[in-house]
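Presented below is the structure to which this report refers.
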Amino acid sequence: MMTKEELLEQAFEAQKNAYAPYSNFHVGAAVLTADDHVVLGANVENASYPAGACAEATALNAAYSLGYRKDDIKMIAITSHGDTPARPCGKCRQIIRELAGKQVPIILSNRNETVETTIEVLLPDSFGPEDLLK
Ligand code: THU
């Protein structure tokens with residue numbers, strides 16, 4: 001299986017493809033699957049600002065579009081270039097909570113500093129599919 005460091009490198013590569021002319025804040029994401037594939041994403045902004053997409057949502061949505069599902073997602077790396085590693089926004093926490101397992105390692109890095117966390121920590125006491133009426 002790919003190491004955290006290798007997955008982070010892939011995310012830094014994806015970060016180069018960020019389309020962020022409004023914020024100039026470039027984010028990359030790499031999702032590792034059980035069959036050792038890596039699905040990449042970058043943030044893609046829009047002149048209508050709320051229509052922009054975050055890197056981690058792009059990568060996870062791409063993985064699902066390829067047919068991967070929750071149990072296939074083994075690790076998520078997210079890279080950025082601010083003073084501290086960017087934490088996923090609230091909307092992305094909810095997306096990760098839906099699409100990846102609660103204890104999947106989420107690795108955040110800005111090269112100077114690397115933090116490892118989980119969605120269980122980032123989004124405690126959350127709402128999910130099992131809370132909907134059946
Ligand atoms: N952004 C991400 O892509 N992921 C994060 O975890 C934090 C924020 C993007 C959204 C927007 O394009 C830019 O960073 C500035 O907020």
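Each ligand, and each atom within it, is numbered from 1 in the order the structure gives. Worth knowing before you read on, the calculation uses all heavy atoms, side chains too, and leaves out hydrogens, waters and symmetry mates.
- Look at Gly52 and you'll find every heavy atom at least 4.0 Å from all atoms of ligand 1.
- Note that the CZ atom of Arg87 and the CG atom of Leu122 stand 8.5 Å from one another [nearest 0.5 Å].
- Of all protein heavy atoms, the one lying nearest to atom 9 (C) of ligand 1 is Asn43 ND2, 3.6 Å.
- Atoms of ligand 1 found under 4.0 Å from any heavy atom of Glu56, numbered from 1 in the order shown, are 2 (C), 3 (O), 4 (N), 5 (C), 6 (O).
- If you number the atoms of ligand 1 from 1 as listed, the ones under 4.0 Å from a heavy atom of Glu45 come out as 11 (C), 12 (O), 13 (C).
- Taking all atoms of both residues into account, the shortest heavy-atom contact from Lys70 to Glu98 is CE-O, 3.3 Å.
- Taking every heavy atom of both residues into account, Phe25 and Asn43 meet most closely at O-ND2, 2.8 Å.
- Under a 4.0 Å criterion applied to the non-hydrogen atoms of Pro88, ligand 1 contributes the atoms 6 (O).
- At under 3.5 Å, not a single nitrogen or oxygen of Ser23, backbone or side chain, sits near a nitrogen or oxygen of ligand 1.
- Interface of Ala55 with ligand 1, defined as ligand atoms under 4.0 Å from a residue heavy atom, comprises 2 (C), 3 (O).
- Side-chain polar atoms of Thr33 and Asp35 form a donor-acceptor pair below 3.5 angstrom.
- Counting protein heavy atoms under 4.0 angstrom from atom 16 (O) of ligand 1 gives zero.
- Distance CG/Asn112 to CG/Asp83: 9.0 Å, rounded to 0.5 Å.
- Considering backbone and side-chain N/O of Cys54, none are found under 3.5 Å from N/O of ligand 1.
- Only the backbone of Arg87 comes within 4.0 Å of ligand 1, counting heavy atoms alone; no side-chain atom from C-beta on gets that close.
- Closest approach of Asn46 and Gly52 over heavy atoms only: CB-N, 3.9 Å.
- Here the shortest heavy-atom pairing between Ala63 and Val39 reads N-CG1, 3.6 Å.
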